[in-house]
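Keep in mind it's a predicted model, so treat the numbers as computed, not measured.
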Amino acid sequence: MYSVGQYVVCGNKGVCTVEDITTLDISGVDKAKLYYILKPQYISASTVYVPVENAASLREVLTREQAEQLVSEIPDIPPLKIANEKMAEQEYRSSMRSNDSTEWIRVIKTIYGRRQKRLQAGRKETAVDGRYFKMAEDSLYGELAVALGVERSQVCAYIADKLNFTTPV
């Protein structure tokens with residue numbers, strides 16, 4: 001069970017703070033059921049209610065050590081294998097739903113590579129690629145920011161510096 005004040009990662013809401021663990025006084029809701037009341041770190045004016053018994057969609061935020069290790073492993077994390085262009089969105093969606101930061105890196109690396117190929121061919125990025133790139137980047141950078149104790153806007157530069165990259169991940 002998570003505790004009040006703890007950071008958790010909650011699916012597409014990203015990093016959230018557990019604000020309370022309580023029952024809800026809302027009509028149609030079981031008054032005996034406990035809920036986590038979550039406040040997303042990077043989505044203002046949003047609150048998430050997750051039943052304690054269904055908290056499988058939540059996980060703890062990486063520790064600083066885990067985040068540093070993950071960043072050091074970025075060059076070795078392979079992109080997704082997309083066999084069929086029509087299956088790209090399904091692959092992205094599956095990786096994002098995994099709530100796994102390594103999978104988010106795979107999405108970013110895949111789309112970054114696809115974007116470079118399209119630009120070289122004189123074509124624009126697809127809307128699907130753009131949407132999932134932003135989702136993966138927001139999720140990854142939000143978690144790394146909390147784990148590393150830096151601003152989210154500094155995460156890309158942090159990664160580039162740690163890996164001696166000259167271009168963003």
Side-chain angles (χ1 to χ4, degrees), residues 1-21 35-52 54-82 88-89 91-116 119 125 128-169:
M1 184 173 217
Y2 301 107
S3 56
V4 173
Q6 185 174 4
Y7 288 115
V8 295
V9 178
C10 178
N12 66 351
K13 299 299 182 186
V15 176
C16 299
T17 305
V18 177
E19 291 215 325
D20 201 0
I21 304 168
Y35 284 81
Y36 289 113
I37 312 299
L38 308 175
K39 196 70 171 160
Q41 288 295 111
Y42 303 107
I43 304 172
S44 59
S46 180
T47 302
V48 181
Y49 304 93
V50 177
V52 169
N54 296 344
S57 63
L58 304 177
R59 68 170 172 80
E60 291 184 35
V61 169
L62 297 173
T63 65
R64 179 176 194 86
E65 295 75 25
Q66 290 169 325
E68 289 170 349
Q69 179 68 32
L70 180 66
V71 168
S72 72
E73 293 171 354
I74 287 175
D76 301 322
I77 297 171
L80 298 170
K81 292 190 187 321
I82 299 181
E89 185 170 14
E91 292 290 331
Y92 299 157
R93 186 180 307 118
S94 175
S95 289
M96 293 307 299
R97 284 186 177 160
S98 72
N99 207 14
D100 180 342
S101 47
T102 301
E103 286 297 309
W104 300 336
I105 291 170
R106 294 183 72 203
V107 170
I108 291 168
K109 288 179 86 168
T110 301
I111 295 172
Y112 182 81
R114 288 167 51 97
R115 180 187 291 162
Q116 295 309 307
L119 290 175
E125 173 181 62
V128 168
D129 281 3
R131 186 171 67 249
Y132 279 93
F133 187 86
K134 181 167 178 16
M135 259 193 274
E137 195 176 51
D138 286 349
S139 296
L140 178 66
Y141 289 8
E143 181 170 13
L144 290 177
V146 169
L148 297 168
V150 299
E151 292 295 320
R152 188 165 71 166
S153 61
Q154 298 172 315
V155 172
C156 187
Y158 174 90
I159 292 170
D161 181 56
K162 291 295 180 191
L163 299 178
N164 296 317
F165 286 167
T166 56
T167 57
V169 176

Asp138 side, atom CG; Lys13 side, atom NZ - distance, nearest 0.5 Å = 12.5 Å
query = Yes or no on side chain to side chain contact (heavy atoms under 4.5 Å, CB included) for Val18 and Leu38, after CA distance, side-chain angles and deciding distance?
reply = CA-CA 5 Å; Val18 177; Leu38 308 175; 3.7 Å; yes
ask   = Can we say Lys134 and Glu137 salt-bridge, meaning some charged N sits less than 4.0 Å from an Asp/Glu carboxylate O?
value = no
ask   = Considering only heavy atoms from C-beta outward, does the side chain of Ile105 approach that of Leu70 to under 4.5 Å?
value = yes
Check: Lys109 side chain, Ile77 main-chain N or O, donor-acceptor pair, under 3.5 Å = yes
query = Of the non-hydrogen atoms in Val4 and Asp20, which two are nearest, and what is the gap between them?
reply = CG2-CA, 3.9 Å
task = Kindly give the heavy-atom pair with the smallest separation between Ile108 and Ala136, and that separation in Å.
result = CG1-CB, 3.6 Å
inquiry  = The criterion is ring-ring contact (aromatic ring centres under 6.0 Å, His included); which residues satisfy it with Tyr2, sequence neighbours excluded?
reply    = Tyr36
inquiry  = I'd like to know if the side chain of Ser94 reaches the main chain of Glu91, judged simply by a donor and an acceptor atom lying under 3.5 Å from each other, with no hydrogens or angles considered.
reply    = no
key: Approximate separation, where rounding is to 0.5 Å, of Leu144 CG and Ser139 OG   = 10.5 Å
key: Check: Gln41 side chain, Gly14 main-chain N or O, donor-acceptor pair, under 3.5 Å   = no
request  = Please round to the nearest 0.5 Å and tell me the distance separating atom CD1 of Ile111 and atom CZ of Arg106.
outcome  = 12.5 Å
remark   = One should read off an interatomic distance between Arg97 CZ and Arg93 CZ, to the nearest 0.5 angstrom, of 5.5 Å
request  = Of all the heavy-atom pairs spanning Cys10 and Cys16, show the shortest one and how long it is.
outcome  = CB-SG, 3.9 Å
message = Could you tell me if the side chain of Ser101 sits less than 4.5 Å from the side chain of Trp104, heavy atoms only?
response = yes
key: From Arg131 atom CZ to Met96 atom CE, the distance as rounded to the nearest 0.5 Å   = 11.5 Å
request  = Under the side chain to side chain contact (heavy atoms under 4.5 Å, CB included) rule, what do Thr17 and Tyr7 come out as? Steps first, then yes or no, please.
outcome  = CA-CA 5 Å; Thr17 305; Tyr7 288 115; 3.5 Å; yes
request  = Identify the heavy atoms of Arg114 and Ala88 that sit nearest to each other, and give their distance.
outcome  = NH2-CB, 4.2 Å
remark   = Heavy-atom nearest pair, Ser57 first then Asn99, reads O-ND2, 3.0 Å
query = Where do Met1 and Ile21 land on the side chain to side chain contact (heavy atoms under 4.5 Å, CB included) test, with the steps shown first?
reply = CA-CA 10 Å; Met1 184 173 217; Ile21 304 168; 3.8 Å; yes
ask   = Can Leu80 and Glu103 be said to form a side chain to side chain contact (heavy atoms under 4.5 Å, CB included), step by step?
value = CA-CA 8 Å; Leu80 298 170; Glu103 286 297 309; 3.9 Å; yes
ask   = What are the two closest non-hydrogen atoms of Pro79 and Thr110, and how far apart are they?
value = CB-OG1, 3.3 Å
task = Determine whether Tyr49 and Ile37 make a side-chain contact, defined as any pair of heavy atoms from C-beta on separated by less than 4.5 Å.
result = yes
inquiry  = Would you compute the distance between atom CD of Glu60 and atom CD of Gln66 and round it to the nearest 0.5 angstrom?
reply    = 8.5 Å
query = Quick one: are Asp129 and Arg115 in side-chain contact, heavy atoms under 4.5 Å?
reply = no
inquiry  = Run the salt bridge (Lys or Arg N to Asp or Glu O under 4.0 Å) test against Glu68 and tell me which residues pass, sequence neighbours left out.
reply    = Arg64
